[in-house]
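Report on the structure given below.
Model, not experiment: these values are computed from the prediction. FYI, the numbering just counts along the sequence from 1.
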Amino acid sequence: MEKEKFRAWLEKQRHQTKETASSRVSDAARVEKYYGNLDEHHEKDGLVHVLGQHQYSADDERKNAPNPSKIPIGGNNLRKSLASLKQAINLYREYREQNIETLGPDPVALRDEDDSRTRLLGLERDLQTALRDNIEQLESGLEIIDGGVERSIDSGFIDITAQDAAGAIVVIELKAGAARRDAVAQILSYMGDLAAEDSGPIRGILVAGDFDRKALAAARVVPALSLRSYRISFEFSAAEDAAG
């Protein structure tokens, strides 16, 4: 695990305090102690298996279900402790997903990478705004139910939470550009968190400009997950027409 780069990313990209970032790094390191190298797990399945080992719902808590993780947890609240570890795993996955360089620092390359990531994040925000205004274009009968705010769950923040015509909750995740296998793992973790909170049917829609081969393969075996691509179009007019 790239501890120091992960810590720096948490402080810079996620705007966490030094204390919070250190806590997240410590939690991720604890997971790595019992599960092995997190980078290898990420290369293998996008950390899906490790995340699944830390799923513990409110229903599990009511039933006093045993700890599903390899990590021993003492007298602390089991669900809260597992949620904290799960959040650290998700953050490390997000860090890896953003293609942080593992070689020595190159100021020019890092600056270019930051500029590129900023543009992608801006495009994702614009895409979310456009989709919220035109949700029916994604699927007839969809209704946004998150009050216009990204829903916070253990795994992170859901871009858009909606309900379909049949009453199922729909998790909508947006990716600027091409989506990779990590994006499939991300939306599945969001769906899993919601399944722990809500008893009704849950499905997901992953929206991206394109999907790589591994993302298509991963989604193929998940009936509750749909992939949708977006296209950006431009209209041009004479300057005097625009001024009028």
(request) Write down the atom of G46, the atom of R93, and the distance for their closest heavy-atom approach. (result) O-CD, 3.2 Å

(request) Could you tell me whether the side chain of S22 reaches within less than 4.5 Å of the side chain of R7, counting heavy atoms only? (result) yes

(request) Report, as yes or no, whether the 6.0 Å neighbourhood of atom NZ on K70 holds more than 12 heavy atoms from other residues, nucleotides or ligands. (result) yes

(request) Mind checking the CD1-CD1 spacing from I135 to I172? Nearest 0.5 Å is all I need. (result) 4.0 Å

(message) So R228 and L206, do their side chains get closer than 4.5 Å, heavy atoms only?
(response) no

(request) Take R151 and D159 through the test salt bridge (Lys or Arg N to Asp or Glu O under 4.0 Å) and record every step on the way to the result. (result) CA-CA 7 Å; R151 180 169 175 174; D159 286 335; over 6 Å; no

(message) Which heavy atom of G209 sits nearest to which heavy atom of S229, and what is that distance?
(response) O-CB, 4.0 Å

(message) Can you classify the ring geometry of H41 versus Y35 as parallel (below 30°), tilted (30 to 60°) or perpendicular (above 60°)?
(response) perpendicular

(request) I would like to know whether D212 and K214 meet salt bridge (Lys or Arg N to Asp or Glu O under 4.0 Å); could you show each step before the answer? (result) CA-CA 6 Å; D212 71 9; K214 291 183 178 180; over 6 Å; no

(request) Treating Ile, Leu, Val, Met, Phe, Trp and Tyr as nodes and any side-chain heavy-atom pair under 4.5 angstrom as an edge, say whether M1 and V50 lie in one connected cluster. (result) yes

(request) Calculate, to the nearest 0.5 Å, the distance between atoms OG and NZ belonging to S23 and K18 respectively. (result) 15.0 Å

(request) To the nearest 0.5 Å, tell me how far Q53 CD sits from N67 CG. (result) 9.5 Å

(message) If you compare all heavy atoms of V184 against all heavy atoms of A219, which two are closest, and at what distance to 0.1 Å?
(response) CG1-N, 4.3 Å

(message) According to a hydrophobic-cluster definition based on side-chain heavy atoms being under 4.5 Å apart (Ile, Leu, Val, Met, Phe, Trp, Tyr only), do Y190 and I205 belong together?
(response) no

(message) Hydrophobic cluster membership, with links at side-chain heavy-atom distances under 4.5 Å among I/L/V/M/F/W/Y: are L38 and L85 in one?
(response) yes

(request) Look at K63 together with E61 and state whether they make a salt bridge at an N to O cut-off of under 4.0 Å. (result) no

(request) Supply the atom-to-atom distance I202 CD1 to L225 CG, rounded to the nearest 0.5 angstrom. (result) 13.0 Å

(message) Does the plane of the ring in F6 sit parallel, tilted or perpendicular to the ring in Y92? Use 30° and 60° as the thresholds.
(response) perpendicular

(request) Determine whether P201 and I169 make a side-chain contact, defined as any pair of heavy atoms from C-beta on separated by less than 4.5 Å. (result) no

(request) Give a yes or no answer on whether the side chain of H49 reaches the backbone of D45 with a donor-acceptor pair at less than 3.5 Å. (result) no

(request) Would you please say whether a donor-acceptor pair under 3.5 Å links the side chains of T17 and T20? (result) yes

(message) If I compare all heavy atoms of R181 with all of A218, which pair ends up nearest, and what's the gap?
(response) CG-CB, 4.3 Å

(request) Examine distances only and state if a side-chain atom of E136 and a backbone atom of G141 form a donor-acceptor pair shorter than 3.5 Å. (result) yes

(request) Flag yes if L91 and I158 sit in one hydrophobic cluster, no otherwise; membership is Ile, Leu, Val, Met, Phe, Trp, Tyr, and two members link when side-chain heavy atoms are under 4.5 Å apart. (result) no

(request) Give the cluster check for L194 versus I89: same hydrophobic cluster or not, with ILVMFWY residues linked at side-chain heavy-atom distances below 4.5 Å. (result) no

(request) Output the distance between atom CD (E143) and atom CD1 (I145), rounded to the nearest 0.5 Å. (result) 8.0 Å

(request) Name all residues meeting the side-chain contact (heavy atoms from CB on, under 4.5 Å) criterion together with N134; count only those two or more places apart in sequence or in a different chain, and write none if there are none. (result) Q137

(message) Would you say that E94 contacts W9 through its side chain, given a criterion of any heavy-atom pair below 4.5 Å between the two side chains?
(response) yes

(message) Regarding R96 and D39, does a basic nitrogen lie under 4.0 Å from an acidic carboxylate oxygen?
(response) yes

(message) If you count every heavy atom of other residues, nucleotides or ligands that lies below 6.0 Å from E150 atom CD, does the total exceed 12?
(response) yes

(message) Between D60 and Y56 (side chain of the first, backbone of the second, donor and acceptor by atom type, cut-off under 3.5 Å), is there such a pair?
(response) no

(message) Under 3.5 Å, is there a donor on one side chain and an acceptor on the other for Q87 and R24?
(response) yes

(request) Please name all residues satisfying side-chain contact (heavy atoms from CB on, under 4.5 Å) with D164, sequence neighbours left out, ordered by chain then number. (result) E139, L142, A166, A168, V170, R203

(message) With a 3.5 Å distance limit and no angle check, can you tell me whether D146 reaches the backbone of T161 through a side-chain donor-acceptor pair?
(response) yes

(request) Please answer whether the main-chain N or O of S81 pairs with a side-chain N or O of S84 as donor and acceptor at a distance below 3.5 Å. (result) no

(request) Would you name the heavy atoms of A28 and A88 that are closest together and state the gap between them? (result) N-CB, 3.9 Å

(request) Give, for atom CD1 of I187 and atom CG of L174, the distance between the pair rounded to the nearest 0.5 Å. (result) 9.0 Å

(message) Less than 4.5 Å apart, side chain to side chain, heavy atoms only: is that true for S69 and L82?
(response) yes

(message) For V48 versus A185, what's the shortest heavy-atom pair and its separation?
(response) CG2-CB, 3.3 Å

(message) Any non-hydrogen side-chain atom of V207 less than 4.5 Å from a side-chain atom of K175?
(response) no

